[in-house]
Amino acid sequence: MTEITQEILNGAFPEDFLWGGATAANQIEGAWDEDGRGPAISDYAPLWDHEAREGLDIHSMPPLNGVSRQSLQDRMEHPERYDFPKRRGIDFYHTYEQDLELMAEMGFKVFRMSISWSRIFPNGDDPEPNEAGLAFYDRVFDKCRELGIEPMVTLSHFDMPLHLGMEYDGFMSRHTVDAFATYCETVFKRYKGKVKYWMTFNEINHVYANLCTCNGVIWDEPEGGGNPYAGRWNDKFQAAHNMLVASAKACILCHQIDPDAVIGNMLCRLENYAESSKPEDQLQVLFEDHFNWFFTDVQAFGEYPYYIKRFFRDYGVDIKMEPDDLETLKEGTIDYVSISYYMTYIMRYKGKESPEPSGSLLTQIKNPHLEMTEWGWPIDPVGLRITLNHIYDRYHLPIFISENGSGIAIEPDENGRVHDDAHIEYMKGHVEQMHQAILDGVDVFGYAWWGPIDLVSSGTSEMYKRYGQIHVDLDDYGRGSGKRTRAKSFHYYKKLIGSRGRDLENNVPDDFEI
Ligand code: BGP
């Protein structure tokens, strides 16, 4: 619980506040087949570049990562037809020292990253781990510690070994739950004392959106065509249940193996507003909120919430459980809540007393009061304060903002400087509202900007959508020198962290150092 001191009343953040940035292995590491790493499903996520998107409604884009077995097989049999940028990332596997040094120069206290499961267990379920993979993360964590940066590690960030997807349908199978538990045990033991903050599954609620990199479920296309994902609520919730059990097992193992470490969840937080004052619109907000809270409710309270039972009844969901699952869920609860927060959503009544989750993480109805990014994501800093209050009110657990940021199309000017004022304005607004939430009494203990260094986009696999305070000279096709330079927001974030959040003015001189 944060003590509200005079300093905090005057605009500062707590002294031990964890400022930093967040990444994911499959979006930065590259080296997809080096040192014994096995293939992951994300290695088969093709590029959807901005030219291919031209003229298309962003909302109608197919979920690139949510592939059917048939399309995955096509990508495997005809790799020459595709470009797979996640295989090369930004080459962090080789550049991690320099990249972490730049983050330390900004004053980072925390670096959120993920471990690539198939770097440790190439097939996901091998009898022995891959020593070269384990050694790589030793080097990264040691470097973090040397620089005074706390590593915060996601166990699975849209990361499923290909073998477990193809052979076992990922988390449809209990085999994957067991394999995940073995993987967790291995990394908890190996990195005990080096990693204090863990989290289980990134944005676990992507299960609704058919993200097979998240749950590893590879769907067959129905005979005669059609949407392979539609209406398969029983399968989706079976996979979700298995992931929740896997998450609980990870919490239990973490607590047993390293009592000094803490472990949290990670929810893509969808804060919803009603489109109008019509009670039915507000009811739709309640429905969508329930679907969003569902995962964290199980992870924090250790049991299935009352409201999901009606959905299960109405949609014929009948989850198969092992005899001790409910006990595992009860025992394996999280120590803190972590969220990604990018935007808010507008809800309009869909005319159903018991609806399905929308399954979309893109907002469908435009909020006329908010500006949008080029990628159609509404910018809503006040929504962050609202959501932090809602979360704290519900769980009374410390909160870590494990992702917040804005992807923009920006390139260096003729002097090599990236004037990314849009990043600065986005950060300023959200940090201000986060401070308000702390004054409200919410226990927020850290903030990680998504993509402190430019990285491959999760949704589209492009580089063109840039988040970085550190610019990386690589384009969508991996062309470029790979050189890192300091963007304007680098200097802004550095002084913001240095002033403990007090100095929010966007007054970085135009001739900043790169
Ligand atoms: C979140 C993911 C991240 C990240 C971010 C931005 O959903 O957890 O991995 O990529 O979104 O999305 P994108 O990369 O598509 O811009």
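The figures here come from the full heavy-atom set of this structure, side chains too, leaving out hydrogens, waters and symmetry mates. What you see is a predicted model; the values in this text were computed from it and never measured. Indexing begins at 1, ligand by ligand and atom by atom, following the structure's order.
Under 3.5 Å, the side chains of Glu403 and Ser340 contain no donor-acceptor pair of N or O atoms. Side chain to side chain, Tyr82 and Asp74 meet the donor-acceptor criterion of an N or O pair below 3.5 Å.
Of all the heavy atoms of Ser458, the ones lying under 4.0 Å from any atom of ligand 1 are found in both the backbone and the side chain. Using a 4.0 Å cut-off between heavy atoms, Leu455 makes no contact with ligand 1 at all. By the criterion of a heavy-atom distance under 4.0 Å, the side chain of Trp377, and not its backbone, is placed next to ligand 1.
An N or O contact shorter than 3.5 Å is missing between Ala24 and ligand 1 by distance.
By the 4.0 Å heavy-atom criterion, Trp375 is excluded from the residues contacting ligand 1. Using a 4.0 Å heavy-atom cutoff, His157 is listed among the residues neighbouring ligand 1.
Applying the side chain to side chain contact (heavy atoms under 4.5 Å, CB included) test to Thr485 and every residue at least two apart in sequence or in another chain returns His471, Lys483, Ile514. Under the ring-ring contact (aromatic ring centres under 6.0 Å, His included) criterion, Tyr336 pairs with Phe445, sequence neighbours left out.
The backbone N or O of Lys488 sits nowhere less than 3.5 Å from a side-chain atom of Gln469 that would complete a donor-acceptor pair. Listed for the Arg348 side chain is no donor-acceptor partner under 3.5 Å among the backbone atoms of Ile346.
Counting heavy atoms only, Glu203 comes closest to atom 7 (O) of ligand 1 of the residues Glu203, Glu403, Lys465. Comparing Tyr467, Phe158, Trp450 by heavy-atom distance to atom 16 (O) of ligand 1, the nearest is Tyr467.
The contact set between ligand 1 and Gly459, taken as ligand atoms under 4.0 Å from a residue heavy atom, comprises 13 (P), 14 (O), 15 (O). With ligand atoms numbered from 1 in the order given, ligand 1 contributes 13 (P), 14 (O), 15 (O), 16 (O) to contacts under 4.0 Å with heavy atoms of Ser457.
Using bins of under 30°, 30° to 60° and over 60° for the plane-to-plane angle, the ring pair Trp449/Tyr426 lands in the perpendicular bin.
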